[in-house]
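Inspection log for the structure reproduced underneath, given as C-alpha coordinates.
What you see below is based on every heavy atom in this structure, not just the backbone, and it leaves out hydrogens, waters and symmetry mates. Reminder, nothing fancy here: chain letters follow the sequence lines and each chain counts from 1.
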2 protein chains.
Amino acid sequence: MPQPGRPRSFDAEQALDRAMEVFWRHGYEGASLTELTAAMGINKPSLYAAYGNKENLFRMAVGRYAQVEMAYARDALDRPTAYEVAATLLRANVVALTRDDRPAGCLSVQGGTACGTDSAAVSEFLAASRLAGERTLAERFARAVEEHDLPGDVDPTALARFVMVVTEGHAVHAAAGVPRADLERSAEIALRAFTATAYPDGLRPAVSS
Amino acid sequence: MPQPGRPRSFDAEQALDRAMEVFWRHGYEGASLTELTAAMGINKPSLYAAYGNKENLFRMAVGRYAQVEMAYARDALDRPTAYEVAATLLRANVVALTRDDRPAGCLSVQGGTACGTDSAAVSEFLAASRLAGERTLAERFARAVEEHDLPGDVDPTALARFVMVVTEGHAVHAAAGVPRADLERSAEIALRAFTATAYPDGLRPAVSS
DNA sequence: AAATTTCTGTACCGATCGGTTGCAGAGGCG
DNA sequence: CGCCTCTGCAACCGATCGGTACAGAAATTT
(Lines give C-alpha, C1' and ligand atoms only; values in the text may rest on other atoms or scores of the structure.)
Protein backbone atom coordinates (compact mmCIF):
# COMPACT_ATOMS: atom_id res chain seq x y z
CA MET A 1 0.00 0.00 0.00
CA PRO A 2 1.58 3.27 -1.07
CA GLN A 3 1.73 6.06 1.43
CA PRO A 4 -0.47 9.09 0.81
CA GLY A 5 1.23 12.21 -0.44
CA ARG A 6 3.74 12.86 -3.14
CA PRO A 7 6.10 9.93 -3.63
CA ARG A 8 9.87 10.36 -3.62
CA SER A 9 11.14 11.16 -7.09
CA PHE A 10 14.57 9.49 -6.78
CA ASP A 11 15.79 5.99 -6.03
CA ALA A 12 17.10 6.13 -2.47
CA GLU A 13 19.36 3.10 -2.94
CA GLN A 14 20.84 4.35 -6.18
CA ALA A 15 21.48 7.76 -4.66
CA LEU A 16 23.16 6.04 -1.72
CA ASP A 17 25.51 4.32 -4.14
CA ARG A 18 26.50 7.68 -5.53
CA ALA A 19 27.08 9.06 -2.06
CA MET A 20 29.18 6.01 -1.22
CA GLU A 21 31.42 6.72 -4.16
CA VAL A 22 31.92 10.35 -3.15
CA PHE A 23 32.80 9.34 0.43
CA TRP A 24 35.06 6.64 -0.96
CA ARG A 25 36.97 9.14 -3.02
CA HIS A 26 37.16 12.07 -0.62
CA GLY A 27 36.60 10.67 2.86
CA TYR A 28 33.94 11.71 5.33
CA GLU A 29 35.09 15.24 5.97
CA GLY A 30 36.42 15.79 2.47
CA ALA A 31 33.01 15.10 0.97
CA SER A 32 30.92 18.27 1.14
CA LEU A 33 27.15 18.29 1.06
CA THR A 34 27.40 20.28 -2.14
CA GLU A 35 29.36 17.54 -3.90
CA LEU A 36 27.25 14.80 -2.35
CA THR A 37 23.94 16.25 -3.44
CA ALA A 38 25.31 17.01 -6.90
CA ALA A 39 26.43 13.39 -7.33
CA MET A 40 23.19 12.04 -5.92
CA GLY A 41 21.09 14.32 -8.11
CA ILE A 42 19.02 15.61 -5.20
CA ASN A 43 18.85 18.72 -3.02
CA LYS A 44 19.94 19.13 0.52
CA PRO A 45 16.47 19.00 2.10
CA SER A 46 15.75 15.77 0.24
CA LEU A 47 18.98 14.33 1.56
CA TYR A 48 18.13 15.43 5.06
CA ALA A 49 14.64 13.94 4.84
CA ALA A 50 15.78 10.62 3.40
CA TYR A 51 18.98 9.98 5.35
CA GLY A 52 18.86 12.15 8.47
CA ASN A 53 22.16 13.98 8.29
CA LYS A 54 25.63 13.71 6.82
CA GLU A 55 26.97 11.34 9.45
CA ASN A 56 23.98 9.04 9.14
CA LEU A 57 24.28 9.08 5.37
CA PHE A 58 27.91 8.08 5.76
CA ARG A 59 27.07 5.22 8.09
CA MET A 60 24.44 3.99 5.66
CA ALA A 61 26.95 4.26 2.82
CA VAL A 62 29.46 2.22 4.81
CA GLY A 63 26.78 -0.36 5.49
CA ARG A 64 25.97 -0.64 1.83
CA TYR A 65 29.67 -0.81 1.04
CA ALA A 66 30.08 -3.72 3.42
CA GLN A 67 27.10 -5.46 1.92
CA VAL A 68 27.83 -4.93 -1.78
CA GLU A 69 31.46 -4.07 -2.32
CA MET A 70 32.85 -6.45 0.25
CA ALA A 71 30.78 -9.49 -0.65
CA TYR A 72 34.06 -11.13 -1.69
CA ALA A 73 35.07 -11.24 1.97
CA ARG A 74 32.07 -13.34 2.93
CA ASP A 75 32.72 -15.62 -0.01
CA ALA A 76 36.31 -16.05 1.11
CA LEU A 77 35.22 -17.09 4.60
CA ASP A 78 33.28 -19.98 3.11
CA ARG A 79 36.36 -21.60 1.59
CA PRO A 80 37.10 -25.01 3.02
CA THR A 81 40.61 -24.44 4.33
CA ALA A 82 42.27 -21.60 6.22
CA TYR A 83 44.85 -21.18 3.49
CA GLU A 84 42.20 -20.87 0.85
CA VAL A 85 40.33 -18.37 3.01
CA ALA A 86 43.43 -16.22 3.29
CA ALA A 87 44.41 -16.61 -0.36
CA THR A 88 40.94 -15.84 -1.66
CA LEU A 89 40.56 -12.90 0.68
CA LEU A 90 43.89 -11.31 -0.17
CA ARG A 91 43.57 -11.81 -3.92
CA ALA A 92 39.96 -10.68 -4.15
CA ASN A 93 40.80 -7.72 -1.95
CA VAL A 94 43.51 -6.59 -4.35
CA VAL A 95 41.08 -6.83 -7.24
CA ALA A 96 38.43 -4.88 -5.33
CA LEU A 97 40.94 -2.16 -4.42
CA THR A 98 41.96 -1.60 -8.03
CA ARG A 99 38.76 -1.79 -10.07
CA ASP A 100 38.82 0.89 -12.70
CA ASP A 101 35.08 1.45 -12.34
CA ARG A 102 35.46 2.26 -8.66
CA PRO A 103 37.59 4.68 -6.65
CA ALA A 104 40.97 3.22 -5.77
CA GLY A 105 41.37 1.91 -2.26
CA CYS A 106 38.88 1.02 0.44
CA LEU A 107 36.06 3.17 1.78
CA SER A 108 36.71 1.95 5.29
CA VAL A 109 40.26 3.31 5.18
CA GLN A 110 39.74 6.30 2.91
CA GLY A 111 36.64 7.32 4.82
CA GLY A 112 38.57 8.72 7.72
CA THR A 113 41.74 7.43 9.32
CA ALA A 114 42.02 10.84 10.92
CA CYS A 115 39.30 13.41 11.39
CA GLY A 116 38.71 16.78 12.91
CA THR A 117 37.87 16.99 16.59
CA ASP A 118 34.12 17.10 16.17
CA SER A 119 33.78 14.08 13.91
CA ALA A 120 36.03 11.73 15.84
CA ALA A 121 33.06 9.41 16.19
CA VAL A 122 33.27 8.67 12.49
CA SER A 123 36.83 7.40 12.50
CA GLU A 124 36.12 5.41 15.65
CA PHE A 125 33.13 3.85 13.92
CA LEU A 126 35.28 2.89 10.94
CA ALA A 127 38.02 1.48 13.13
CA ALA A 128 35.53 -0.58 15.09
CA SER A 129 33.97 -2.02 11.94
CA ARG A 130 37.38 -2.95 10.55
CA LEU A 131 38.29 -4.69 13.78
CA ALA A 132 34.95 -6.49 13.73
CA GLY A 133 35.90 -7.94 10.37
CA GLU A 134 39.21 -8.98 11.82
CA ARG A 135 37.44 -10.76 14.65
CA THR A 136 35.25 -12.64 12.20
CA LEU A 137 38.33 -13.81 10.34
CA ALA A 138 39.96 -14.85 13.61
CA GLU A 139 36.93 -16.95 14.44
CA ARG A 140 37.19 -18.62 11.05
CA PHE A 141 40.82 -19.46 11.72
CA ALA A 142 39.96 -20.71 15.19
CA ARG A 143 37.48 -23.06 13.59
CA ALA A 144 40.27 -24.22 11.29
CA VAL A 145 42.32 -25.08 14.35
CA GLU A 146 39.45 -27.06 15.79
CA GLU A 147 39.08 -28.87 12.49
CA HIS A 148 42.82 -29.65 12.49
CA ASP A 149 43.12 -27.69 9.28
CA LEU A 150 45.58 -25.45 11.11
CA PRO A 151 48.09 -26.81 13.65
CA GLY A 152 47.09 -26.37 17.27
CA ASP A 153 49.94 -24.04 18.14
CA VAL A 154 49.07 -21.21 15.77
CA ASP A 155 47.38 -18.08 17.11
CA PRO A 156 44.25 -17.51 15.02
CA THR A 157 43.94 -13.95 16.27
CA ALA A 158 47.46 -13.02 15.25
CA LEU A 159 47.05 -14.67 11.89
CA ALA A 160 43.82 -12.79 11.20
CA ARG A 161 45.44 -9.56 12.31
CA PHE A 162 48.30 -10.07 9.90
CA VAL A 163 45.94 -10.69 6.99
CA MET A 164 43.93 -7.58 7.80
CA VAL A 165 47.10 -5.52 8.18
CA VAL A 166 48.10 -6.54 4.68
CA THR A 167 44.71 -5.64 3.23
CA GLU A 168 44.83 -2.24 4.90
CA GLY A 169 48.34 -1.65 3.63
CA HIS A 170 47.17 -2.58 0.17
CA ALA A 171 44.29 -0.14 0.53
CA VAL A 172 46.70 2.69 1.32
CA HIS A 173 48.91 1.65 -1.56
CA ALA A 174 46.01 1.36 -3.99
CA ALA A 175 44.78 4.82 -3.06
CA ALA A 176 48.25 6.07 -3.94
CA GLY A 177 47.81 4.70 -7.43
CA VAL A 178 49.93 1.55 -7.23
CA PRO A 179 48.74 -0.77 -10.03
CA ARG A 180 46.98 -4.05 -9.48
CA ALA A 181 49.81 -6.27 -10.68
CA ASP A 182 52.17 -4.79 -8.11
CA LEU A 183 49.73 -5.42 -5.29
CA GLU A 184 49.19 -8.97 -6.50
CA ARG A 185 52.90 -9.66 -6.10
CA SER A 186 52.74 -8.26 -2.58
CA ALA A 187 49.74 -10.45 -1.79
CA GLU A 188 51.63 -13.56 -2.92
CA ILE A 189 54.51 -12.70 -0.63
CA ALA A 190 52.07 -12.24 2.23
CA LEU A 191 50.61 -15.63 1.45
CA ARG A 192 54.02 -17.18 1.66
CA ALA A 193 54.32 -15.64 5.11
CA PHE A 194 50.95 -17.07 5.97
CA THR A 195 52.06 -20.50 4.87
CA ALA A 196 55.32 -20.32 6.78
CA THR A 197 53.46 -19.45 9.96
CA ALA A 198 50.43 -21.68 9.59
CA TYR A 199 52.25 -24.69 8.21
CA PRO A 200 55.84 -24.32 9.43
CA ASP A 201 56.79 -27.83 8.37
CA GLY A 202 56.11 -27.00 4.75
CA LEU A 203 53.17 -29.37 4.54
CA ARG A 204 50.62 -26.95 3.25
CA PRO A 205 47.53 -28.70 1.92
CA ALA A 206 47.46 -28.84 -1.86
CA VAL A 207 45.10 -26.14 -3.14
CA SER A 208 44.26 -24.22 -6.26
CA SER A 209 46.96 -22.01 -7.79
CA MET B 1 74.45 39.21 11.88
CA PRO B 2 71.04 39.54 13.45
CA GLN B 3 68.34 41.19 11.37
CA PRO B 4 67.17 44.64 12.39
CA GLY B 5 63.80 44.87 14.01
CA ARG B 6 62.12 42.98 16.77
CA PRO B 7 63.19 39.35 16.97
CA ARG B 8 60.71 36.49 16.86
CA SER B 9 59.53 35.63 20.33
CA PHE B 10 58.90 31.91 19.73
CA ASP B 11 61.07 28.98 18.72
CA ALA B 12 60.07 28.21 15.13
CA GLU B 13 61.31 24.63 15.33
CA GLN B 14 59.54 23.89 18.59
CA ALA B 15 56.31 25.39 17.25
CA LEU B 16 56.70 23.22 14.16
CA ASP B 17 56.87 20.16 16.39
CA ARG B 18 53.58 21.13 17.97
CA ALA B 19 52.01 21.64 14.55
CA MET B 20 53.33 18.24 13.46
CA GLU B 21 51.56 16.62 16.36
CA VAL B 22 48.25 18.30 15.55
CA PHE B 23 48.48 17.23 11.90
CA TRP B 24 49.49 13.75 13.05
CA ARG B 25 46.39 13.47 15.18
CA HIS B 26 43.80 15.09 12.96
CA GLY B 27 45.17 14.97 9.43
CA TYR B 28 45.74 17.90 7.11
CA GLU B 29 42.16 18.97 6.62
CA GLY B 30 41.05 17.97 10.11
CA ALA B 31 43.59 20.33 11.68
CA SER B 32 42.14 23.83 11.77
CA LEU B 33 44.24 26.95 11.96
CA THR B 34 42.56 27.67 15.28
CA GLU B 35 43.77 24.39 16.80
CA LEU B 36 47.18 24.68 15.16
CA THR B 37 47.87 28.18 16.45
CA ALA B 38 46.58 27.25 19.90
CA ALA B 39 48.94 24.27 20.09
CA MET B 40 51.85 26.29 18.72
CA GLY B 41 51.22 29.17 21.10
CA ILE B 42 51.22 31.77 18.33
CA ASN B 43 48.69 33.77 16.34
CA LYS B 44 47.62 33.31 12.80
CA PRO B 45 49.66 36.21 11.35
CA SER B 46 52.77 34.85 13.05
CA LEU B 47 52.10 31.46 11.51
CA TYR B 48 51.55 33.04 8.13
CA ALA B 49 54.78 35.05 8.39
CA ALA B 50 56.90 32.16 9.59
CA TYR B 51 55.60 29.27 7.49
CA GLY B 52 53.76 30.76 4.51
CA ASN B 53 50.40 29.06 4.68
CA LYS B 54 48.72 25.94 6.02
CA GLU B 55 49.86 23.68 3.20
CA ASN B 56 53.44 24.86 3.48
CA LEU B 57 53.34 24.39 7.24
CA PHE B 58 52.12 20.86 6.66
CA ARG B 59 54.88 20.10 4.19
CA MET B 60 57.46 21.44 6.65
CA ALA B 61 55.89 19.34 9.40
CA VAL B 62 56.12 16.26 7.21
CA GLY B 63 59.73 17.07 6.46
CA ARG B 64 60.54 17.35 10.13
CA TYR B 65 58.61 14.14 10.78
CA ALA B 66 60.72 12.32 8.21
CA GLN B 67 63.88 13.74 9.70
CA VAL B 68 63.16 13.22 13.40
CA GLU B 69 60.40 10.64 13.88
CA MET B 70 61.54 8.33 11.11
CA ALA B 71 65.21 8.27 11.90
CA TYR B 72 64.78 4.60 12.72
CA ALA B 73 64.19 3.92 9.02
CA ARG B 74 67.57 5.29 8.05
CA ASP B 75 69.20 3.28 10.81
CA ALA B 76 67.49 0.14 9.55
CA LEU B 77 68.84 0.67 6.05
CA ASP B 78 72.37 0.56 7.42
CA ARG B 79 72.04 -2.97 8.74
CA PRO B 80 74.39 -5.42 7.06
CA THR B 81 71.87 -7.92 5.68
CA ALA B 82 68.55 -7.59 3.93
CA TYR B 83 66.83 -9.64 6.58
CA GLU B 84 68.17 -7.44 9.33
CA VAL B 85 67.08 -4.38 7.39
CA ALA B 86 63.54 -5.70 7.15
CA ALA B 87 63.43 -6.96 10.72
CA THR B 88 64.78 -3.74 12.18
CA LEU B 89 62.50 -1.65 10.04
CA LEU B 90 59.35 -3.56 10.89
CA ARG B 91 60.06 -3.81 14.59
CA ALA B 92 61.15 -0.20 15.01
CA ASN B 93 58.17 0.91 12.99
CA VAL B 94 55.79 -0.85 15.35
CA VAL B 95 57.44 0.86 18.29
CA ALA B 96 57.25 4.25 16.59
CA LEU B 97 53.58 3.76 15.78
CA THR B 98 52.65 3.01 19.38
CA ARG B 99 54.68 5.43 21.50
CA ASP B 100 52.52 6.71 24.29
CA ASP B 101 54.15 10.16 24.09
CA ARG B 102 53.12 10.50 20.45
CA PRO B 103 49.86 10.22 18.52
CA ALA B 104 49.14 6.66 17.44
CA GLY B 105 49.90 5.80 13.85
CA CYS B 106 51.94 7.54 11.19
CA LEU B 107 51.71 11.15 10.07
CA SER B 108 52.25 10.14 6.48
CA VAL B 109 49.13 7.96 6.55
CA GLN B 110 47.02 9.94 9.02
CA GLY B 111 47.85 13.17 7.28
CA GLY B 112 45.54 12.55 4.39
CA THR B 113 44.78 9.29 2.63
CA ALA B 114 41.74 11.07 1.24
CA CYS B 115 41.15 14.79 0.99
CA GLY B 116 38.66 17.26 -0.32
CA THR B 117 38.83 18.25 -3.96
CA ASP B 118 40.85 21.40 -3.42
CA SER B 119 43.61 19.88 -1.32
CA ALA B 120 44.22 16.81 -3.45
CA ALA B 121 47.81 17.99 -3.83
CA VAL B 122 48.41 17.18 -0.19
CA SER B 123 47.45 13.52 -0.39
CA GLU B 124 49.40 13.19 -3.63
CA PHE B 125 52.41 14.67 -1.89
CA LEU B 126 52.09 12.19 0.94
CA ALA B 127 51.63 9.26 -1.43
CA ALA B 128 54.69 10.30 -3.41
CA SER B 129 56.86 10.59 -0.32
CA ARG B 130 55.75 7.16 0.90
CA LEU B 131 56.57 5.63 -2.45
CA ALA B 132 59.94 7.38 -2.40
CA GLY B 133 60.70 5.58 0.84
CA GLU B 134 59.66 2.35 -0.78
CA ARG B 135 62.04 2.98 -3.67
CA THR B 136 64.90 3.59 -1.26
CA LEU B 137 64.18 0.27 0.42
CA ALA B 138 64.03 -1.45 -2.97
CA GLU B 139 67.44 -0.06 -3.82
CA ARG B 140 68.78 -1.42 -0.56
CA PHE B 141 67.41 -4.85 -1.39
CA ALA B 142 68.83 -4.62 -4.91
CA ARG B 143 72.22 -4.00 -3.35
CA ALA B 144 71.68 -7.10 -1.25
CA VAL B 145 71.13 -9.08 -4.43
CA GLU B 146 74.35 -7.72 -5.89
CA GLU B 147 76.17 -8.64 -2.69
CA HIS B 148 74.70 -12.17 -2.85
CA ASP B 149 73.00 -11.50 0.47
CA LEU B 150 69.70 -12.19 -1.30
CA PRO B 151 69.35 -14.85 -4.02
CA GLY B 152 69.43 -13.56 -7.57
CA ASP B 153 65.88 -14.54 -8.39
CA VAL B 154 64.10 -12.40 -5.81
CA ASP B 155 62.42 -9.19 -6.91
CA PRO B 156 63.78 -6.40 -4.66
CA THR B 157 60.96 -4.07 -5.67
CA ALA B 158 58.23 -6.53 -4.73
CA LEU B 159 59.94 -7.32 -1.46
CA ALA B 160 60.23 -3.64 -0.56
CA ARG B 161 56.62 -3.09 -1.51
CA PHE B 162 55.51 -5.89 0.77
CA VAL B 163 57.44 -4.48 3.70
CA MET B 164 55.98 -1.01 3.16
CA VAL B 165 52.48 -2.46 2.80
CA VAL B 166 52.87 -4.07 6.21
CA THR B 167 54.09 -0.84 7.81
CA GLU B 168 51.14 1.06 6.35
CA GLY B 169 48.72 -1.59 7.53
CA HIS B 170 50.27 -1.36 10.97
CA ALA B 171 49.85 2.40 10.86
CA VAL B 172 46.14 2.05 10.17
CA HIS B 173 45.85 -0.53 12.89
CA ALA B 174 47.79 1.54 15.40
CA ALA B 175 45.59 4.56 14.71
CA ALA B 176 42.64 2.34 15.56
CA GLY B 177 44.14 1.72 18.98
CA VAL B 178 45.55 -1.77 18.53
CA PRO B 179 48.22 -2.25 21.21
CA ARG B 180 51.90 -2.58 20.51
CA ALA B 181 52.20 -6.24 21.49
CA ASP B 182 49.57 -7.23 18.94
CA LEU B 183 51.36 -5.39 16.15
CA GLU B 184 54.63 -7.00 17.16
CA ARG B 185 53.11 -10.42 16.59
CA SER B 186 51.93 -9.30 13.18
CA ALA B 187 55.39 -8.01 12.35
CA GLU B 188 56.94 -11.36 13.22
CA ILE B 189 54.53 -13.14 10.90
CA ALA B 190 55.43 -10.67 8.16
CA LEU B 191 59.08 -11.41 8.78
CA ARG B 192 58.45 -15.10 8.35
CA ALA B 193 56.89 -14.26 4.99
CA PHE B 194 59.94 -12.23 4.16
CA THR B 195 62.18 -15.14 5.00
CA ALA B 196 60.12 -17.60 2.99
CA THR B 197 60.36 -15.38 -0.06
CA ALA B 198 63.91 -14.16 0.26
CA TYR B 199 65.43 -17.46 1.38
CA PRO B 200 63.05 -20.11 0.05
CA ASP B 201 65.44 -22.94 0.83
CA GLY B 202 65.28 -22.18 4.51
CA LEU B 203 68.91 -21.07 4.64
CA ARG B 204 68.38 -17.67 6.21
CA PRO B 205 71.62 -16.22 7.57
CA ALA B 206 71.84 -16.45 11.34
CA VAL B 207 71.03 -13.08 12.85
CA SER B 208 70.03 -11.44 16.08
CA SER B 209 66.74 -12.42 17.70
C1' DA C 1 -12.87 18.12 -7.47
C1' DA C 2 -11.48 19.21 -2.71
C1' DA C 3 -8.66 18.11 0.95
C1' DT C 4 -4.52 16.23 2.59
C1' DT C 5 0.03 14.73 2.75
C1' DT C 6 4.63 14.65 1.36
C1' DC C 7 8.29 15.93 -1.55
C1' DT C 8 11.19 19.48 -4.13
C1' DG C 9 13.61 23.80 -4.86
C1' DT C 10 15.18 28.32 -3.38
C1' DA C 11 16.95 31.00 -0.34
C1' DC C 12 18.90 31.48 3.90
C1' DC C 13 20.74 30.39 8.80
C1' DG C 14 24.82 30.92 12.17
C1' DA C 15 29.33 28.98 12.51
C1' DT C 16 33.66 28.11 10.93
C1' DC C 17 36.94 27.71 7.33
C1' DG C 18 41.81 29.56 5.59
C1' DG C 19 43.80 33.83 4.95
C1' DT C 20 44.70 39.09 5.51
C1' DT C 21 44.95 43.83 7.00
C1' DG C 22 45.64 47.69 10.36
C1' DC C 23 47.81 49.07 14.11
C1' DA C 24 50.10 49.57 18.56
C1' DG C 25 54.36 48.65 20.53
C1' DA C 26 58.62 45.98 21.39
C1' DG C 27 63.41 45.74 20.40
C1' DG C 28 67.50 45.93 17.41
C1' DC C 29 70.92 49.53 15.17
C1' DG C 30 72.87 54.06 14.04
C1' DC D 1 67.73 59.24 21.25
C1' DG D 2 65.37 58.47 16.82
C1' DC D 3 64.55 55.41 13.43
C1' DC D 4 62.96 51.43 11.32
C1' DT D 5 61.69 46.81 11.07
C1' DC D 6 59.24 43.22 12.65
C1' DT D 7 56.09 41.08 16.12
C1' DG D 8 51.84 40.14 18.28
C1' DC D 9 47.02 40.86 18.71
C1' DA D 10 42.29 41.85 17.35
C1' DA D 11 39.20 42.37 14.04
C1' DC D 12 37.77 41.25 9.73
C1' DC D 13 37.64 39.24 4.80
C1' DG D 14 34.82 36.37 1.39
C1' DA D 15 33.82 31.59 0.96
C1' DT D 16 32.07 27.48 2.44
C1' DC D 17 30.59 24.46 5.98
C1' DG D 18 26.37 21.46 7.66
C1' DG D 19 21.73 22.15 8.36
C1' DT D 20 16.71 24.53 7.80
C1' DA D 21 12.35 27.44 6.97
C1' DC D 22 9.16 28.17 3.81
C1' DA D 23 6.35 28.08 -0.11
C1' DG D 24 4.89 25.79 -4.17
C1' DA D 25 4.36 21.41 -6.83
C1' DA D 26 2.73 16.70 -7.22
C1' DA D 27 0.31 12.61 -6.06
C1' DT D 28 -3.08 9.98 -3.12
C1' DT D 29 -7.40 9.84 -0.50
C1' DT D 30 -12.03 11.24 0.31
Side-chain angles (χ1 to χ4, degrees), chain A residues 1-16 18-19 22-23 25-61 111-112 114-123 125, chain B residues 1-16 18-19 22-23 25-61 111-112 114-123 125:
Chain A
M1 55 174 177
Q3 300 281 13
R6 180 176 173 181
R8 181 181 287 142
S9 71
F10 63 93
D11 183 332
E13 199 167 70
Q14 186 174 331
L16 184 58
R18 300 296 180 81
V22 174
F23 282 128
R25 211 180 298 276
H26 296 298
Y28 174 69
E29 290 189 315
S32 69
L33 282 193
T34 303
E35 187 171 2
L36 284 167
T37 52
M40 299 166 81
I42 63 177
N43 301 97
K44 280 191 275 189
S46 302
L47 187 152
Y48 189 78
Y51 307 97
N53 57 17
K54 187 187 179 184
E55 183 173 336
N56 210 275
L57 172 65
F58 179 72
R59 293 180 125 97
M60 293 176 73
C115 278
T117 313
D118 50 349
S119 56
V122 169
S123 51
F125 162 70
Chain B
M1 55 172 177
Q3 301 282 14
R6 179 178 172 182
R8 179 181 289 143
S9 72
F10 63 94
D11 183 330
E13 198 166 71
Q14 186 175 331
L16 184 59
R18 299 296 180 82
V22 175
F23 282 128
R25 211 179 300 274
H26 296 298
Y28 173 68
E29 290 189 315
S32 69
L33 282 194
T34 303
E35 187 171 2
L36 284 166
T37 52
M40 299 167 81
I42 64 177
N43 301 96
K44 280 191 276 189
S46 302
L47 187 151
Y48 189 77
Y51 306 97
N53 56 17
K54 188 189 179 184
E55 183 173 337
N56 209 275
L57 172 65
F58 180 72
R59 293 181 125 96
M60 292 175 74
C115 276
T117 313
D118 50 348
S119 56
V122 169
S123 52
F125 163 70

Which of the following nucleotides, C/dT10, C/dG19, C/dG18, is nearest to the side chain of B/Tyr48?
C/dG19

For B/Lys54 and B/Tyr28, which heavy atoms make the closest approach, and how far apart are they?
NZ-O, 2.9 Å

Determine whether B/Leu16 and B/Asp11 make a side-chain contact, defined as any pair of heavy atoms from C-beta on separated by less than 4.5 Å.
no

Taking the side chain of A/Asn53 as its heavy atoms from C-beta onward, which of D/dC17, D/dG19, C/dG19 lies nearest to it?
D/dG19

Need to verify one output field. Residue with the more 5' nearest nucleotide on DNA chain C, A/Ser46 or B/Lys54?
A/Ser46

Closest listed nucleotide, where the reference is the side chain of B/Lys44 and the choices are D/dC17, C/dG19, C/dT8:
C/dG19

So, OP1 or OP2 of C/dC17: does either fall under 4.0 Å of a side-chain N or O from B/Thr34?
yes

Once you round it to whole Å, what is the distance between C1' of C/dC17 and CG of A/Asp118?
12 Å

So which one's nearest nucleotide on DNA chain D is more toward 5', A/Glu29 or B/Phe10?
B/Phe10

Within this structure, what is the CG-to-P distance between B/Leu33 and C/dG19, rounded to whole angstrom?
6 Å

At 4.0 Å (heavy atoms only), tell me whether A/Ala31 reaches a base, stays on the sugar-phosphate, or touches nothing.
sugar-phosphate

Name the residue closer to the 5' end of DNA chain D, choosing between B/Asn43 and A/Pro45 according to the nucleotide with the nearest heavy atom.
B/Asn43

Distance test, side-chain N/O of A/Ser9 to OP1/OP2 of C/dC7, below 4.0 Å:
no

Would you say B/Glu29's side chain and B/Gly116's backbone share a donor-acceptor pair under 3.5 angstrom?
yes

Assign the ring pair A/Phe58 / A/Phe125 to parallel, tilted or perpendicular, where the plane angle (0 to 90°) is split at 30° and 60°.
perpendicular

Please state how far atom CG in B/Leu36 lies from atom P in C/dG18, giving the value in whole angstrom units.
8 Å

